[in-house]
Amino acid sequence: MQLSTKQDFQALMHLFLDPLKPYYSAGGARLHLGETGVTYGQAAIELEAFSRPLWALVPFWVGGGSDPEFEDIYRRGLAAGSDPENPEYWGECKDYDQCFVEMAAIACGLLNAPEKLWDPLSGAEKQNLARWLDQINHHQIPECNWQFFMILVNLALKKCGMPYDPENMARGLARIDSYYSGDGWSTDGASPQKDYYIPWAIQYYGVLYSKFAADTDPERAALYRSRAELFAQQFIYWFDENGAALPYGRSLTYRFAQNCFWAACVWAGLEPFPLGVMKGLIVRNFNWWLDQKMFDRDGILTIGYCYPQMYMAERYNAPGSPYWGMKSFILLALPDSHPFWSAEAEPMPALDALKPMPHANMLVARTKGRVTAYAAGVNEGHGHGQFPEKYAKFAYDTRFGFCASRSREVIYQAAPDSMLAFVIDDNVFVRKVSLSHEIRADRVVSKWSPFPGITVTTTVLPTADGHIRRHEIESAYPCEAYDCGFAVPNFAPGYVESTAGGAATARNAAVSCTVSGSGEGTVIKCDPNVSLYSTNVCIPAVRYAIPEGRTVLETEIKAQA
């Protein structure tokens, strides 16, 4: 899709949002997009779908855009949803309520476009909305990026002249500041893993805060801007020259939210890279996503990644969740005269071939524009589902994607791409979380245990065309292990596979992966719909017999794309 002018980006927003219009409730406060369930009730599910388009619509209005139908829906919806006497009322909140998440988009709407969302309300409707939003100040919220939701709500209440809680806001900002770890990276509260919650949450809201509080909190605003500049120098490494961003971590169904950090920087007047470079990052990422099968037949975004896929979904992925990606449309608030609209989308700048990111728990390699991240396996070890798949594989790659297991009962359902998978009594065990790890300039070393009685120290060394894994295994009993390469689409044009001695290859016209070692080469034919990238994949691997005692293995993975 041609993406250059403001009109191009407005048309893209309409491509995403216009298909939603038939599904709003009569009062406008609810949006019903599907039947799948999550850990919260129907009112919050339909509020979520209602609120998330505001991340795009509000900048669209601020930038001079007009869509009377959406304006009418959201004016009526805010009044109905916050009215306890209305059948579409969003409800009274409780501790850790999902509604607090969705308040953030409404708060930003009140901050940026009060003439659309606040001024048209009657006095009673304003009181209702303010009271409903203020609930966030009277309940427990997680100590993570959710603190920013409370901060944004209080900023909005203050701007609207309604009661707010400055002490609570100050506590929340102190918590956010305590998460910072270095190089622009923060943790998401107590969670040890680093993922997209830093660019599309901690950093994104920090950039917003730096604008909203530039006059009232100038020191912190300047700090957040400097951290964003620093973070950008690392985050750019996650983007492939073809527009793909690194498939890694949780909440990947938010898809093109991957580029919203760059959009927020442009909106806030930050230029960690030249404007054309940031435009290139945004445009290429959007166009990569538009080449994927992410819509249903009605044009509604689906839960999944490159296609509708529930195995990779978290317990909080409701039918409206993917519209979190609308945060990238903050660009639409830029005036028509802003140089972003006339800038040419520039290619990626020159970057290091190997970039250690100790504060992101990974070593990132760039080979012919392709991105491979060698992860240390740092995560909570449980959490929201599929954490070993999302954080603990040895390598994540922008050209191959990764697999989310269907089960761990058999190897082809486990689909353990980029993992050393132990088979014990017909069950599959992999690295879930590292016991210790080290990010060096040229390697990643981790110690882990897939199963009681087995410990492994793995050293991953990037090479010119892939990487080498050295595993030092201590096992209390004999078993079998598969050292697996990347997953390759097997129904793609030109697909062939082969095994010879200790090597296995799977390739098609676009990508190729060869795995070799001292064991037996094999190709794992995975169950369908486990890969984030393709509905059908095979994984080349080397199968090893693991004896009792100490074993040292070395496996080489070569990949081309």
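This is a predicted model, so every value here is computed, not measured. Scope of the values below: all heavy atoms of this structure, side chains included, with no hydrogens, waters or symmetry mates.
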*Determine whether more than 12 heavy atoms belonging to other residues, nucleotides or ligands lie under 6.0 Å from atom CD of Glu380.*
yes
*Would you check if the distance from the ring center of Trp55 to the ring center of Phe60 is below 6.0 Å?*
no
*asked:* Would you say the rings of Phe231 and Phe261 are close, in the sense that their centroids are separated by under 6.0 Å?
replied: yes
*Can a donor-acceptor pair be found between the side chains of Glu143 and Gln147 at a distance below 3.5 Å?*
no
*asked:* Please enumerate all residues that pass side-chain contact (heavy atoms from CB on, under 4.5 Å) together with Ala492, with sequence neighbours excluded.
replied: Pro489, Asn508
*Which pairs with one or both residues in residues 349-375 pass ring pair (Phe, Tyr, Trp, His ring centres under 6.0 Å), sequence neighbours excluded?*
Tyr374-His467
*Show your working on salt bridge (Lys or Arg N to Asp or Glu O under 4.0 Å) between Lys447 and Glu438 and close with a plain yes or no.*
CA-CA 9 Å; Lys447 184 177 181 180; Glu438 185 178 358; over 6 Å; no
_Using 30° and 60° as the class boundaries, would you call the ring planes of Phe329 and Phe286 parallel, tilted or perpendicular?_
tilted
*asked:* Given 3.5 Å as the limit, does a donor-acceptor pair link the side chain of Thr463 with the main chain of Gly466, or not?
replied: yes
*Looking at Tyr305, is Arg255 sitting on its ring face, NZ or CZ under 6.0 Å from the six-membered ring centre and within 45 degrees of the normal?*
no
*Checking Lys393 side chain against Pro388 main chain: does a donor-acceptor pair fall under 3.5 Å?*
no
_Closest non-hydrogen atom pair between His437 and Ala376, with its separation_ = CD2-CB, 3.5 Å
*Give a yes-or-no answer on whether the side chains of Arg250 and Tyr316 include a donor-acceptor pair shorter than 3.5 Å.*
yes
*What is the ring orientation for His471 with Phe394, classed by angle as parallel under 30°, tilted 30 to 60°, or perpendicular over 60°?*
tilted
_Side-chain heavy-atom pair Trp61, Leu57 within 4.5 angstrom cut-off_ = yes
*Return yes when atom CZ of Arg220 has more than 12 non-hydrogen atoms of other residues, nucleotides or ligands closer than 6.0 Å, and no otherwise.*
yes
*Is any side-chain heavy atom of Leu281 closer than 4.5 Å to a side-chain heavy atom of Ile236?*
yes
*Do we see a donor-acceptor contact under 3.5 Å between the side chains of Thr555 and Arg470?*
no
*Give a yes or no on whether the backbone of Thr514 and the side-chain of Thr505 come within a donor-acceptor separation of less than 3.5 Å.*
no
_Which heavy atom of Val515 sits nearest to which heavy atom of Pro540, and what is that distance?_
CG2-O, 3.4 Å
*How many angstroms lie between NE2 in His14 and CG in Asp67, if you round to the nearest 0.5 Å?*
5.5 Å
_Is any side-chain heavy atom of Lys194 closer than 4.5 Å to one of Tyr248?_
no
*By side-chain contact (heavy atoms from CB on, under 4.5 Å), which residues pair with Pro339, not counting sequence neighbours?*
Leu275
*Check for a donor-acceptor pair, side chain of Gln193 on one end and backbone N or O of Thr187 on the other, with a separation under 3.5 Å.*
no
*asked:* I'd like to know if the side chain of Tyr533 and the backbone of Cys403 have a donor-acceptor N/O pair within less than 3.5 Å.
replied: no
*Do Ile176 and Ser178 have side-chain heavy atoms sitting under 4.5 Å apart?*
no
_Over all atoms of both residues, closest heavy-atom pair of Asp195 and Trp185_ = O-CZ3, 4.1 Å
*Roughly how far apart are Lys432 NZ and Met419 CE, rounded to 0.5 Å?*
10.5 Å
*For Lys327 and Tyr205, does a side-chain donor sit closer than 3.5 Å to a side-chain acceptor?*
yes
*Regarding Thr5 and Asp8, is there a side-chain donor-to-acceptor distance under 3.5 Å anywhere?*
yes
*asked:* For the residue pair Asn259 / Ser328, report whether a side-chain donor-acceptor contact shorter than 3.5 Å exists.
replied: yes
*Is atom CG of Asp442 surrounded by more than 12 heavy atoms (other residues, nucleotides or ligands) closer than 6.0 Å?*
yes
*Is the shortest heavy-atom distance from the side chain of Ile557 to the side chain of Ile468 under 4.5 Å?*
no
*Can you measure from CE (Met357) to CE (Met362) and round to the nearest 0.5 angstrom?*
7.5 Å
_Is the ring pair Tyr197/Trp200 parallel, tilted or perpendicular, if the boundaries are 30 and 60 degrees?_
perpendicular
*Does Met326 offer a backbone N or O that forms a donor-acceptor pair with the side chain of Arg52 under 3.5 Å?*
no
*Is a side-chain donor-acceptor pair under 3.5 Å present for Thr372 with Asp397?*
yes
*Indicate whether the side chain of Trp341 and that of Gln7 have a donor and an acceptor atom separated by less than 3.5 Å.*
no
*Does the side chain of Tyr209 pick up a donor-acceptor pair with the side chain of Asp217 at under 3.5 Å?*
yes
*Just how far is it from atom CG of Asp177 to atom OG of Ser186, taken to the nearest 0.5 Å?*
8.5 Å
*Do Asn287 side-chain atoms and Met1 backbone N/O form a donor-acceptor pair below 3.5 Å?*
yes
*asked:* Using a 6.0 Å cut-off, check whether atom NZ of Lys6 has over 12 heavy atoms from anything other than its own residue.
replied: yes
*Donor-acceptor contact below 3.5 Å, side chain Gln309 vs main chain Val530*: yes
*Do you know the tightest heavy-atom contact between Leu301 and Phe256?*
CD1-CZ, 4.1 Å
_Nearest heavy atoms of Ala263 and Leu331, plus distance in Å_ = CB-CG, 3.7 Å
*asked:* Measuring only between side-chain heavy atoms, which start at C-beta, is Val378 closer than 4.5 Å to Val433?
replied: no
*Donor-acceptor under 3.5 Å (Arg366 side chain, Tyr237 main chain)*: yes
*asked:* Side chains of Asn490 and Asn536: any donor to acceptor distance under 3.5 Å?
replied: no
*Check Tyr307 against Thr302 and note the closest heavy-atom contact, atom names and distance.*
C-OG1, 4.5 Å
*Do the ring planes of Tyr254 and Trp324 sit parallel (below 30°), tilted (30 to 60°) or perpendicular (above 60°)?*
tilted
_The single option from Leu54, Leu152, Ile330, Val58 passing side-chain contact (heavy atoms from CB on, under 4.5 Å) against Cys108_ = Leu152
*Find the distance between OG (Ser534) and CZ (Phe400) and round it off to the nearest 0.5 Å.*
12.0 Å
*Does Trp238 have its ring centroid less than 6.0 Å away from the ring centroid of Tyr196?*
yes
*asked:* Other residues, nucleotides and ligands only: do more than 12 of their heavy atoms fall within 6.0 Å of NZ on Lys159?
replied: yes
*4.5 Å side-chain heavy-atom contact, Ile539 and Val488*: no
*Kindly assign one of parallel, tilted or perpendicular to the pair Phe402 and Tyr396, based on the angle between their ring planes and the thresholds 30° and 60°.*
perpendicular
_Reported CG-to-CG distance for the pair Leu252 and Asn317, which is rounded to 0.5 angstrom_ = 9.5 Å
*Considering only heavy atoms from C-beta outward, does the side chain of Val364 approach that of Leu354 to under 4.5 Å?*
no
*Look only at the side chain of Asp296 and the backbone of Ile300, and say whether a donor-acceptor pair between them is shorter than 3.5 Å.*
yes
*With no hydrogens and no angle check, do the side chains of Ser405 and Gln386 hold a donor and an acceptor under 3.5 Å apart?*
no
*For atom CZ of Arg225, is the number of surrounding heavy atoms from other residues, nucleotides or ligands below 6.0 Å larger than 12?*
yes
